[in-house]
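This report refers to the structure that appears directly beneath it.
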2 protein chains.
Amino acid sequence: MSIKSVASENQIRLARYAKAMGHPVRMYVLDLISKQSCCYSGDLSEELPIAKSTLSQHLKELKAAGLIQGEIEAPKIKYCLNKENWKEAQQLFKSFLGL
Amino acid sequence: MSIKSVASENQIRLARYAKAMGHPVRMYVLDLISKQSCCYSGDLSEELPIAKSTLSQHLKELKAAGLIQGEIEAPKIKYCLNKENWKEAQQLFKSFLGL
DNA sequence: TCCTTTGTTCGCAAATCTACGAACAGGATG
DNA sequence: CATCCTGTTCGTAGATTTGCGAACAAAGGA
């Protein structure tokens, strides 16, 4: 029997979002994107002291968690919030935190 | 140069809290405690399909992140929210999510 | 005192995460 | 076409996380 049979769907989704937010680099990216609506990974790569391959992996994880989405704007990629899921995350955290 | 020299204090704290929330078991526990103000780990142990040593580790992590605190009520231990840090977390998430 | 109850710590294994550089892919541009 | 620019994927290494059972510690009750 797994934890998934005991925890609620919302708890599991919340844990998924929280996990994606659980790293300073990803938090930095999310915070930036949520404040300015979008950004380019090239810019991030210049600001952050990590290899671009590492950044790419973090962005991939944020995408996999559904928090952001990338849009090709050749030759760059523009990253924005995934608005639908962001709303869900807002709702879930709000309810969980009792806000 | 580390990410910590680039990310803000708030981003780092938020990432820390989020990381602690980033597992279904811990999310389950936090959700329960926040709704009923406190609980006993023995009860959790019965509800959750994990070894008590594993549960103990998860509780330890939540304590280390500052989200909960334990109070001995012999022979059991009563876990409650760490209200001070919970408030901070509420504030940080609220601001981050734009609520 | 001995036993039970409660929970932690230890030692271990498997899985996941974090990070890097090298190699690669796909568009623009000369 | 050859080259540059962007970003991803691959292979690898080391650290951390997750999970278990066994052993241990502390405190209360028989």
Side-chain angles (χ1 to χ4, degrees), chain A residues 1-7 11-12 14-30 32-33 38-65 67-80, chain B residues 1-7 11-12 14-30 32-33 38-65 67-80:
Chain A
M1 186 170 52
S2 149
I3 174 66
K4 297 195 177 175
S5 61
V6 178
Q11 285 163 353
I12 291 170
L14 214 29
R16 182 84 182 84
Y17 286 132
K19 188 176 179 185
M21 298 179 194
H23 188 285
V25 165
R26 296 193 294 269
M27 201 64 230
Y28 177 92
V29 171
L30 283 174
L32 188 74
I33 293 185
C38 60
C39 74
Y40 295 91
S41 81
D43 298 344
L44 292 172
S45 192
E46 282 175 19
E47 297 166 29
L48 296 171
I50 56 174
K52 60 182 182 164
S53 57
T54 305
L55 175 60
S56 186
Q57 276 182 95
H58 283 302
L59 292 172
K60 190 178 174 183
E61 243 185 276
L62 288 174
K63 242 189 294 183
L67 288 169
I68 67 170
Q69 55 194 8
E71 192 183 329
I72 296 173
E73 215 171 80
K76 300 182 181 182
I77 296 181
K78 185 170 81 171
Y79 284 100
C80 312
Chain B
M1 188 170 55
S2 150
I3 174 66
K4 297 194 177 174
S5 60
V6 179
Q11 285 163 353
I12 291 170
L14 214 29
R16 182 85 182 83
Y17 286 131
K19 188 177 180 185
M21 297 178 194
H23 188 286
V25 165
R26 296 194 293 269
M27 200 64 231
Y28 178 92
V29 172
L30 283 174
L32 188 73
I33 293 185
C38 60
C39 75
Y40 296 91
S41 80
D43 299 344
L44 292 172
S45 192
E46 281 175 20
E47 299 165 28
L48 296 172
I50 56 173
K52 62 182 179 161
S53 57
T54 304
L55 175 60
S56 186
Q57 277 183 96
H58 283 301
L59 292 172
K60 189 178 174 183
E61 244 185 276
L62 288 173
K63 241 189 294 183
L67 287 169
I68 67 172
Q69 57 193 9
E71 192 182 332
I72 295 172
E73 213 168 83
K76 302 182 182 182
I77 296 182
K78 186 170 80 170
Y79 285 100
C80 311

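Within every chain, numbering begins at 1; the chains are lettered A, B, ... in the order of the sequence lines, protein sequences first and strands thereafter.
Nearest heavy-atom pair, K63(A) versus G70(A), reported as atom, atom and distance to 0.1 Å: CD-N, 4.3 Å. The minimum heavy-atom distance between M21(B) and A18(A), with the atom names listed, is CB-CB, 3.7 Å. Annotation for L62(B) and A20(B): closest pair CD2-O, 3.8 Å, computed over non-hydrogen atoms. Closest of all the heavy-atom pairs between S2(A) and S5(A) is O-OG, 2.6 Å.
When rounded to the nearest whole Å, the span between CZ of R16(B) and C1' of dT17(D) equals 13 Å. Separating the CD atom of E46(A) from the P atom of dC5(D) is a distance of 13 Å, rounded to the nearest angstrom. Between the P atom of dG7(C) and the CG atom of L62(B) lies a distance of 15 Å, rounded to the nearest Å. One can place CG of L59(A) at 13 Å from P of dA19(C), the figure rounded to the nearest angstrom. Following rounding to the nearest Å, I72(B) (CD1) and dA25(D) (P) show an atom-to-atom distance of 16 Å. In this structure, the CG atom of L44(A) is 12 Å from the C1' atom of dG7(D), given to the nearest Å. Rounded to whole angstrom, the span from the CD atom of Q57(A) across to the P atom of dT16(C) amounts to 15 Å. What separates NZ of K78(A) from P of dT6(D) is a distance of 17 Å, to the nearest Å.
Of the two residues contacting DNA chain D, namely K60(A) and G22(B), the nearest-nucleotide position lying further toward the 5' end is that of K60(A).
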Report, one pair per line, the protein and nucleotides 26-30 of chain C atoms (nitrogen or oxygen only) whose separation is under 3.5 Å.
none

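Contacts of residues 49-56 of chain B with DNA chain D (heavy atom under 4.0 Å): I50(B), A51(B), S53(B), T54(B).
Considering only heavy atoms from C-beta on, H58(B) stays 4.5 Å or farther from V29(B) through its side chain. Contact annotation: the side chain of K4(A) approaches that of I12(A) to within less than 4.5 Å [non-hydrogen atoms, C-beta and beyond]. Contact annotation: the side chain of I50(A) never approaches that of I3(B) to less than 4.5 Å [non-hydrogen atoms, C-beta and beyond].
Of the candidates dT6(C), dT9(D), dT18(C), dT6(C) carries the atom nearest the K76(B) side chain, counting heavy atoms from C-beta on.
Checking the phosphate oxygens (OP1, OP2) of dT17(D), no side-chain nitrogen or oxygen of K19(A) falls inside 4.0 Å. When the side-chain nitrogen and oxygen atoms of H58(A) are compared with OP1 and OP2 of dA19(C), one or more of them lie within a distance under 4.0 Å. The side chain of H23(A) places an N or O atom within less than 4.0 Å of a non-bridging phosphate oxygen (OP1 or OP2) of dA19(C).
To the nearest 0.5 angstrom, L67(B) atom CG is 13.5 Å from C80(B) atom SG.
Within 4.0 Å (heavy atoms only), Y79(A) reaches sugar-phosphate atoms of the nucleic acid but no base atom.
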Table please: side-chain donor-acceptor pairs of residues 40-47 of chain B below 3.5 Å, with sequence neighbours left out.
unit_1: Y40(B); atom_1: OH; unit_2: E73(B); atom_2: OE1; d: 2.5
unit_1: E47(B); atom_1: OE1; unit_2: Y28(B); atom_2: OH; d: 2.4

